[in-house]
There are 2 protein chains.
Amino acid sequence: MPPFDLGRPAKIGAQDVHPCGACPVRSLTVCAAFEEEELNRLAEIVQLQRIDAHQTIFSEGDPAMNLFNVTAGTVKLYKLLPDGRRQITGFLFSGDFLGLSVNDRYAYSAETVAVTSICRFPRRHMELLLDEFPKLQRRLFGMASNELAAAQDQMLLLGRKTAREKIASFLLGLSQRAVRRGQRDNPVQVPMSRSDIADFLGLTTETVSRTFTQLKANGIIRLLEGGKVQIVDNRKILEIAEGS
Amino acid sequence: MPPFDLGRPAKIGAQDVHPCGACPVRSLTVCAAFEEEELNRLAEIVQLQRIDAHQTIFSEGDPAMNLFNVTAGTVKLYKLLPDGRRQITGFLFSGDFLGLSVNDRYAYSAETVAVTSICRFPRRHMELLLDEFPKLQRRLFGMASNELAAAQDQMLLLGRKTAREKIASFLLGLSQRAVRRGQRDNPVQVPMSRSDIADFLGLTTETVSRTFTQLKANGIIRLLEGGKVQIVDNRKILEIAEGS
DNA sequence: GAGTGCCGTTGATGCACATCAAGGCATCCC
DNA sequence: GGGATGCCTTGATGTGCATCAACGGCACTC
């Protein structure tokens, strides 16, 4: 249930300008850097879009024309090898930011996992705002620092954790991020497919499936309807995730 | 041959304030954000240090009091699991920056790989400078963005590449970074141990060693004296690295 | 110059996870 | 209804890399 949405059938469609002042996720986003009265400036350049599931937002190598804010739904970022091997580098939820680029090109592809609403900012305009509002710059830098820390955690996971530890870490990560967005942390919403989880954790779908089954058999989690996972033994899953 | 160094026997020792205007790697660093006349401000707060090989600069979880700039030598950043498994998240060379933190704590440990010179900036002072010089903020943000892109490449490597592809990518990466620092790209200087390489690539020392041997046997590289590796077949190593 | 420790290499073996294959169970569409 | 499709699960088998073990070279010590 996307907050601003009109339920139109469009795949990717521009919507009317939205009053940022009413944005329910503003405090989570870059936009938290603005005071109430400055939000008009922002509203002038954003466009709100609703996107169906499984649509590409942009692809690796595309000219980086826009920056985006996820306001509802789920997005995945990924990189491909020429033979099709895929690494998902992150999942984004409401409040998350995407579109940072190097050399004016996107360094990864972005695709919706479920129905998603995003705010689009033309990069040119955004850069002018950056000069005008140092607080925005500061905020963006802070968000990039957090992402960097998360990336390092993910490197530890990919390089050194077992399949069991990876799945446990993944579920805990989802749970913790849900809390920060003010959503339920348990049961955890797991909107992405087994295949996406596999490509995020450096595993195969079969191993992901088997590991879920195994954690379930051990009474540590329970698999619920609608892609939800209940964490039954919180202490144990934490132990597993940390590798102790 | 560290550029500013006095060759003192100290392990970690503060040196006299150095005139940043003469810094030979300034254009590579955050400090490139400053005009000549502003450098005095910088020089007031930096301390230059020379550090022996295999010394800890700071550890994960320490209060993040300082930011650092590497001016010569090599540093590794790493994270540990409780049972000792280690993931090296990056190697730093002259011009590179370290010390960004989340919640005022370092999110990783930093250790010298070889004799290293660093500039130390107290974080408090640096933050004041950030407010005063938006260009510095901008520069720092740019560097963080680049690191994020590199982190995503590393995730692809850790999650989806084979040992052979990992080693090829690693050597090419070292080579390309040497170019950016204005150093020789071939033969490549490889100052870190097999064990460090293994922990960077998510492998074991044995596999690293075997893979080097294999690439050598294929006539793609040559192992030289003093930790240097010559890339004999550039096209082929590039193909391997990209997984095609 | 024997002793010790560290590092890199090589070989033998083992195992965690990949690969290959098949079936269950939704949903969708004619 | 029923067949097609996509996702998840489960089983059988394979393999890339880890693990275990041994050895040689080099630096350092006494």
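Note that the coordinates shown come from a computational prediction; the quantities given were computed from them, not determined experimentally. Chain naming here is simple, since letters A, B, ... match the order of the sequence lines and numbering starts at 1 in each.
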Original post:
So with a 6.0 Å cut-off around CZ of A:Arg222, is the heavy-atom count from everything else above 12?
Top reply: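 Check fails, neighbour count at 12 or below.
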**OP:** Taking atom CG of B:Asp83 as the centre, report whether more than 12 heavy atoms of other residues, nucleotides or ligands fall under 6.0 Å from it.
**Re:**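 More than 12 within 6.0 Å, yes.
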Starting from [atom2] on [N], measure out to [atom1] on [X] and report it in whole angstrom.
| X | N | atom1 | atom2 | value |
| --- | --- | --- | --- | --- |
| B:Ile167 | C:dT9 | CD1 | C1' | 14 Å |
| A:Arg85 | C:dT19 | CZ | C1' | 14 Å |
| B:Arg160 | D:dC17 | CZ | P | 13 Å |
| B:Leu215 | C:dT10 | CG | P | 13 Å |
| A:Glu165 | C:dC17 | CD | P | 9 Å |
| B:Glu225 | C:dG8 | CD | P | 14 Å |
| A:Asp83 | C:dT19 | CG | P | 11 Å |
| B:His54 | D:dA27 | NE2 | P | 15 Å |

Original post:
Can you name the closest pair of heavy atoms from A:Lys161 and A:Ala241 and give their distance?
Top reply: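 Answer, listing the atom of A:Lys161 first, then A:Ala241: NZ-O, 3.0 Å.
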Original post:
Taking the side chain of B:Thr204 as its heavy atoms from C-beta onward, which of D:dC17, C:dA18, D:dT19 lies nearest to it?
Top reply: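 The nucleotide sitting nearest to the side chain is D:dT19.
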Subject >> Flag side-chain contact, heavy atom, 4.5 Å: A:Thr112 against A:Thr74 >> reply: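 No, their side chains stay 4.5 Å or more apart.
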Original post:
Per the salt bridge (charged side-chain N to carboxylate O under 4.0 Å, His left out) rule, which among A:Arg86, A:Lys79, A:Arg85, A:Lys76 passes with A:Asp199?
Top reply: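 Answer after filtering A:Arg86, A:Lys79, A:Arg85, A:Lys76: A:Arg86.
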**OP:** Classify the nucleic acid contact of B:Gly202 as base, sugar-phosphate or nothing, counting any heavy atom under 4.0 Å across all strands shown.
**Re:**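 The residue B:Gly202 makes sugar-phosphate contact but no base contact.
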Polar atom pairs between nucleotides 8-11 of chain D and protein, under 3.5 Å, N or O only, would you list them?
unit_1 : atom_1 : unit_2   : atom_2 : d
D:dC8  : OP1    : A:Arg194 : N      : 3.4
D:dC8  : OP2    : A:Arg194 : N      : 3.1
D:dT9  : OP1    : A:Arg194 : NH2    : 3.4
D:dT9  : OP2    : A:Arg194 : NE     : 2.7
D:dT9  : OP2    : A:Ser209 : OG     : 2.8
D:dT9  : O5'    : A:Ser209 : OG     : 3.0
D:dT10 : OP2    : A:Thr213 : OG1    : 2.8
D:dG11 : N7     : A:Arg210 : NH1    : 2.8
D:dG11 : O6     : A:Arg210 : NH2    : 3.1

Subject >> side-chain contact (heavy atoms from CB on, under 4.5 Å) partner of B:Ile237, the single match among B:Ile220, B:Ile167, B:Val232 >> reply: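 Considering B:Ile220, B:Ile167, B:Val232, a side-chain contact (heavy atoms from CB on, under 4.5 Å) with B:Ile237 is found only for B:Ile220.
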